[in-house]
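For reference, the structure is listed below as structure tokens.
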Amino acid sequence: MSDKKPISSVNDFVVRFANVNGSGSASANEMFARAILRHGVPVSPRNIFPSNIQGLPTWYEVRVTEAGHLGARGGVDMMVAMNPQTWDKDVAGIEPGGYLFYDSTKPMPSTKFRDDITVIGVPLTAITNSTYTDPRQRQLFKNIIYLGSLSALLDMDPKLIEQLIGEQYKGKEKLLSSNVHALHLGRDWALQNLKCPIGLRVKKSDKVGDRIFIEGNSAAALGAVYGGATVCAWYPITPSSSVAEAFTAHCRKYRHDPETGKAKYAIVQGEDELASIGIVIGASWNGARAFTATSGPGISLMTEFIGLSYFAEIPAVIMNIQRAGPSTGMPTRTQQCDIIACAYASHGDTKHVLLFPEDPAEGFEFAAAAFDLAERLQTTIFLMLDLDIGMNHRLCRPLKWDDARQYDRGKIMTAEMLDEGRDFGRYLDVDGDGIPYRTYPGTHPTKGSYFTRGTSRDRYARYSEEGSVYADNMQRLVRKFETAQDLVPRPLQANAAKPSKYGVIYFGSTSPAMDEAIGLLEARGHQLDRLRIRAFPFHSSVASFLAEHDFVYVVEQNRDSQLRQLIVNENGIDPVRLVPIVHYDGSPITARYIAKAIGDHQDHLKVTPLRKAVS
Amino acid sequence: MTYIAKPKFHHPGLKKNELGYTHRDYEGKISTLCAGCGHDSITASIIEACYELSIEPHRVAKISGIGCSSKTPDYFLGNSHGFNSVHGRMPSVLTGANLANRDLIYLGVSGDGDSASIGFGQFAHSIRRGVNMTYIVENNGVYGLTKGQFSATADRGSKSKKGVTNTDNAIDLVAIALQLGATFVARSFSGDKSQLVPLIAAAIGHKGASFIDVISPCIAFNNHAGSTKSFDYVREHNDAVNRLDVLVGRDPIAVDYAPGTVQVVEQHDGSKIALRKIDADYDPHDRLGAMTFLQKHAAKGQIVTGLLYVDPDAEDLHAHLNTVETPLNTLEADTLCPGSAALDKLNASLR
Ligand SMILES: Cc1ncc(C[n+]2csc(CCOP(=O)(O)OP(=O)(O)O)c2C)c(N)n1
Ligand code: SF4
């Protein structure tokens with residue numbers, strides 16, 4: 001019936017599962033992705049879910065990618081359409097020549113299908129109902145049954161899936177065997193009734209290597225454990241809640257005193273974001289490493305305290321897992337949209353350090369580093385993740401830790417130093433780097449105490465609203481920010497094969513799509529040098545990169561090209577030379593999108609040289 | 001001005017406490033509050049209580065929000081660290097500080113605007129968490145620092161300096177603290193040193209959330225509308241001086257009355273409050289009884305003062321969280337970091 005040749009591809013395709021939220025499909029779908037990984041084939045899965053708990057549509061997309069492209073690709077080669085609510089849209093979204101997998105228990109009119117796709121029906125409900133009577137079991141096992149059918153259709157090794165089921169239900173023999181049974185029900189039905197395998201196939205490979213598969217939020221939370229965070233205060237908000245939940249789980253595992261069973265950490269679910277950041281600031285003021293995790297609306301609430309952290313110079317770590325705003329926007333969709341809000345959070349003249357990890361591995365590293373930076377710089381450090389990294393599993397290099405590493409507690413004046421007669425002025429710039437010494441409360445009976453305040457004060461922390469005293473302090477804060485430039489992770493540059501007048505700047509979760517887009521652009525004849533920014537303040541190499549290129553594209557996932565604004569603002573560069581490439585519909589940016597946007601602009605540059613019309 | 005430190009001169013004959021500290025060792029900078037402000041009397045009581053308890057001043061952390069009341073930590077315990085944070089958020093900052101180092105004494109100072117309005121949520125939650133602290137509200141029924149607006153503790157029907165009548169119901173922070181499970185709840189009057197000093201001392205000794213509401217008259221905005229000595233009157237009638245700086249000081253109000261009796265106190269504006277000191281045989285271990293007692297006398301227009309409720313076996317937030325005895329801020333990588341071997345194992349489980 002198909003009037004388009006079915007897609008034929010080994011280890012390079014996209015399967016999307018359309019389900020109803022609350023149907024228990026998540027674990028079966030994730031098992032599908034993991035099973036492919038066990039074949040040695042990289043995958044890049046993404047949750048696409050509504051901001052609602054029950055009943056609304058949810059999708060899970062698995063990009064199978066032998067080449068290891070971890071960005072979203074766009075397009076769907078096989079749709080597992082399990083949600084009648086979204087059927088029409090789901091069917092329409094399949095690539096020509098693609099496949100539609102559905103529950104054929106109830107007949108469907110032919111108008112519900114397309115001629116240019118291969119339709120694969122499995123009577124899932126019928127198979128399930130003939131085996132299980134309990135409604136909950138029916139719902140759950142239906143998911144495993146379709147997983148079984150897919151394994152036959154895609155030529156997957158069932159043993160690898162059984163192995164995963166075994167790991168998941170270790171010690172729960174009954175659940176284990178019933179899941180394996182359901183898997184084979186679906187698999188056998190497909191083998192007996194359908195032409196297996198189809199054009200899309202999974203073949204064993206060795207492209208995964210020693211990489212690990214982990215969610216960004218979990219990795220960042222682990223970074224907080226390794227980085228020595230002992231106080232975490234948070235308030236639930238998607239997509240950041242799982243940071244605190246993972247931190248709790250990691251702490252339970254790693255942070256209990258083996259002898260007393262007591263906790264070497266304190267986690268408080270605050271009554272709101274104001275309390276959460278207040279707790280962080282109080283704890284950090286008192287010398288503990290503390291953090292909170294939140295998302296855009298939480299940042300909005302925290303800004304008064306962020307100003308205090310900046311001006312009173314108190315360390316704080318905020319993990320901001322960005323979602324589409326403003327306001328509630330699209331709470332379960334990804335964006336990189338809080339760049340400006342975080343860089344200049346609070347009133348008055350403020351500037352804050354932002355870190356932009358590209359994947360869970362950097363999420364782990366930067367989270368741990370954030371605590372060193374916060375204490376070294378005595379200010380707020382933002383770890384800027386987004387939903388696309390935070391709430392999705394990503395393949396990344398294994399996490400590493402150097403056991404010789406000590407925490408950098410920054411400039412602390414101890415009782416001994418005070419007794420030696422060291423001059424203590426809380427806001428004295430003794431080393432010329434803008435960073436003063438601090439004392440912890442309780443340090444010394446007669447020396448080193450001071451009053452922390454958000455009001456202006458002199459170098460010895462004495463209240464003063466003298467204009468020159470205030471200006472002196474604000475100047476020092478600028479010097480401190482300049483010092484930060486060389487402490488934060490540097491940008492990474494990769495040059496095109498041939499010298500190029502064009503460059504591209506990108507950051508964070510855009511990274512995998514950008515890496516892939518470079519290949520697509522090369523195929524189109526465009527060579528670009530690229531610079532991945534990993535932190536704000538910008539290192540001097542950002543200015544050099546801008547100077548070396550006629551045009552620099554700035555690729556980001558927000559409407560207003562916020563990173564570009566920040567670069568223009570901080571580098572005083574002619575904005576015309578920075579070309580915004582933005583994507584902000586809440587879905588992760590794809591290589592196809594980037595390549596088209598940059599490619600079209602490049603073509604335009606070549607075809608119509610500037611000023612041609614004005615001679 | 002607050003940056004003027006008090007002279008360090010110690011009279012050789014000054015009395016010393018167990019630690020050998022004199023009163024002066026518990027003082028701070030010179031107050032910049034209006035002469036006669038009740039808050040200064042509370043400062044004096046805090047100094048007295050800490051002296052009597054022979055506390056090492058530097059082992060106290062003083063944390064406040066914003067307001068005239070919240071400025072006061074600068075005026076006592078000059079050798080302790082203080083933190084004038086942001087409006088209404090003292091409780092969270094104090095909670096964090098306490099989590100970081102359970103070994104210090106935490107004194108939270110706040111105003112009624114600070115705690116009963118913008119910080120009402122934080123007040124409630126720090127109490128309900130049982131943070132080991134002494135939480136003092138210096139309650140004057142108005143916003144002092146922003147010049148006289150009603151606070152949420154102002155009585156319904158009371159008049160502001162500008163003659164506006166308050167039509168909102170008042171929040172009784174003591175009643176709320178009791179309801180929220182505070183394990184030490186008291187109320188006092190700024191001028192009643194003989195009552196306030198032991199209450200503060202007992203609150204500091206209490207291992208849990210201690211809350212003291214201290215009625216503290218504001219001379220600037222409890223000024224009599226018709227008075228020729230009121231702030232307004234002087235401002236209007238004295239063009240020669242800087243209009244913003246004129247505040248006529250008053251004597252601080254002091255009271256001393258026996259337990260079980262009612263004392264009517266006239267504030268600077270002429271308004272009167274009836275303070276009822278609880279009886280010596282009052283049972284402060286009965287939360288429900290305390291609530292009833294409070295309400296019964298409130299209905300008679302009386303403000304009950306004294307220790308209303310205490311649970312001597314209270315546990316604090318650290319006990320609830322089961323944290324280690326060692327202050328968290330002293331733990332280093334060797335005990336906090338699981339190390340590379342654990343990470344290798346974890347990596348292996350993520351494949
Ligand atoms: C976010 C914020 N809002 C408003 C203010 C202005 N403000 C400063 S003090 C104050 C009220 C203080 O009243 P109270 O806590 O009763 O203390 P008092 O001055 O009466 O002792 C207000 C509203 C502020 N500093 N911050
Ligand atoms: S304005 Fe009122 S509260 Fe503020 S210092 Fe003066 S008397 Fe005290």
Side-chain angles (χ1 to χ4, degrees), chain A residues 210 212-214 222 225-226 228 230-231 233 254-255 257 260-268 270-272 274-275 278-288 290 304-305 308 398-403 405-407 439-446 449-455 462-464, chain B residues 1-3 56-59 61 63 66 73-74 78-87 89 91-101 103-104 121-122 124-125 129 317-318 321-333 335-344 346-347 350-351:
Chain A
D210 69 346
I212 59 165
F213 193 54
I214 186 173
L222 195 67
V225 173
Y226 273 73
T230 50
V231 176
Y254 296 120
R255 282 280 192 78
D257 187 295
T260 59
K262 292 198 171 229
K264 288 183 271 182
Y265 62 91
I267 300 169
V268 176
E271 59 270 27
D272 53 32
L274 302 168
I279 289 171
V280 168
I281 284 181
S284 307
W285 172 75
N286 216 358
E304 188 191 20
F305 258 132
L308 179 78
L399 308 179
K400 276 212 174 70
W401 189 260
D402 174 5
D403 287 327
R405 181 167 162 177
Q406 292 296 315
Y407 299 145
T439 50
Y440 291 158
T443 294
H444 195 281
T446 53
S449 72
Y450 66 96
F451 208 71
T452 304
R453 50 175 15 118
T455 5
R462 293 172 301 210
Y463 169 62
S464 166
Chain B
M1 304 295 273
T2 30
Y3 54 77
E56 289 181 285
H58 74 291
R59 303 301 294 169
I63 299 164
I66 297 286
D74 213 8
N79 280 324
S80 0
H81 278 62
F83 193 158
N84 204 178
S85 64
V86 293
H87 196 22
R89 321 288 176 208
S92 64
V93 176
L94 189 151
T95 302
N98 184 303
L99 289 176
N101 184 359
D103 283 356
L104 299 184
Q122 295 218 338
H125 288 273
R129 290 193 182 105
L317 180 59
H318 277 285
L321 295 175
N322 190 32
T323 44
V324 285
E325 295 300 324
T326 325
L328 293 177
N329 68 350
T330 61
L331 305 180
E332 282 295 338
T335 156
L336 293 177
C337 183
S340 63
L343 207 52
D344 290 345
L346 191 83
N347 281 326
L350 296 169
R351 289 190 180 113

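First the proteins, then the strands, lettered A, B, ... as listed; each starts at 1. As a basis for the values below, the full set of heavy atoms in this structure was taken, side chains included, without hydrogen atoms, waters or symmetry mates. Since we're looking at a predicted model, the values are computed, not measured.
Neither the backbone nor the side chain of Leu94(B) comes within contact range of chain A, judged by heavy atoms closer than 4.5 Å. When heavy atoms are compared at a cutoff of 4.5 Å, Ala290(A) does not approach chain B at all. Proximity to chain B is limited to the backbone of Tyr265(A), based on heavy atoms less than 4.5 angstrom apart. Contact annotation for Pro327(B): neither backbone nor side-chain heavy atoms come within less than 4.5 Å of a heavy atom of chain A. Contact of Ile63(B) with chain A is made through the side chain alone, with heavy-atom distances under 4.5 Å. For Gln122(B), the parts sitting under 4.5 Å from any heavy atom of chain A are the backbone and the side chain alike. With a 4.5 angstrom heavy-atom cutoff, Pro338(B) touches chain A via backbone and side-chain atoms both. Of the two parts of Thr335(B), the backbone and the side chain both hold a non-hydrogen atom closer than 4.5 Å to a non-hydrogen atom of chain A.
The candidate from Ala61(B), Ala342(B), Pro91(B) with the greatest count of non-hydrogen atom pairs under 4.5 Å with chain A is Ala342(B). Among the candidates Ile281(A), Leu222(A), Leu274(A), the residue making the largest number of heavy-atom pairs closer than 4.5 Å to chain B is Leu274(A). Of the listed residues Tyr226(A), Tyr254(A), Trp401(A), the one with more heavy-atom pairs under 4.5 angstrom with chain B than any other is Tyr226(A). When each of Gly454(A), Pro445(A), Ala233(A), Gly228(A) is scored by its heavy-atom pairs under 4.5 Å with chain B, the top score falls to Pro445(A). Interface summary for chain A: among Ser80(B), Ala341(B), Gly121(B), Pro57(B), the most heavy-atom pairs under 4.5 angstrom belong to Ser80(B). Across Asp344(B), Leu343(B), Leu321(B), the residue that shares the most heavy-atom pairs under 4.5 angstrom with chain A is Leu343(B). Interface check for chain B: of the options Thr455(A), Leu308(A), Val231(A), Thr260(A), the most heavy-atom pairs under 4.5 Å are formed by Leu308(A). Chain B forms more heavy-atom pairs under 4.5 Å with one residue of Asp402(A), Thr230(A), Leu399(A) than with any other, namely Leu399(A).
In this structure, the side chains of Leu317(B) and Asn98(B) stay at 4.5 Å or more apart for every pair of heavy atoms. In this structure, His58(B) and His444(A) have side chains that are not in contact, with every pair of non-hydrogen atoms separated by 4.5 Å or more.
Counted by atom type alone, Thr439(A) and His81(B) present one or more donor-acceptor pairs between their side chains at under 3.5 Å.
In this structure, Thr326(B) OG1 and Lys264(A) NZ are separated by 9.0 Å, a value rounded to the nearest 0.5 Å. Distance check: Thr330(B) OG1 to Tyr440(A) OH gives 10.0 Å after rounding to the nearest 0.5 Å.
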Before giving the answer on side-chain contact (heavy atoms from CB on, under 4.5 Å), spell out for His318(B) and Lys262(A) the whole-Å C-alpha distance, their side-chain angles and the decisive distance to 0.1 Å.
CA-CA 10 Å; His318(B) 277 285; Lys262(A) 292 198 171 229; over 6 Å; no

Start with the C-alpha distance between Arg351(B) and Asp210(A), add both sets of side-chain angles, then the distance that settles side-chain contact (heavy atoms from CB on, under 4.5 Å), and finish with yes or no.
CA-CA 8 Å; Arg351(B) 289 190 180 113; Asp210(A) 69 346; 3.8 Å; yes

I'd like to know whether Asn347(B) forms a side-chain contact (heavy atoms from CB on, under 4.5 Å) with Lys400(A), so could you lay out the CA-CA distance, the side-chain angles of the two residues, the decisive distance to 0.1 Å, and finally the verdict.
CA-CA 9 Å; Asn347(B) 281 326; Lys400(A) 276 212 174 70; over 6 Å; no

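With sequence neighbours excluded, the residues satisfying ring pair (Phe, Tyr, Trp, His ring centres under 6.0 Å) with Phe83(B) are Trp285(A).
Nearest approach of Asn286(A) to Asn329(B), heavy atoms of both residues: O-ND2, 2.7 Å.
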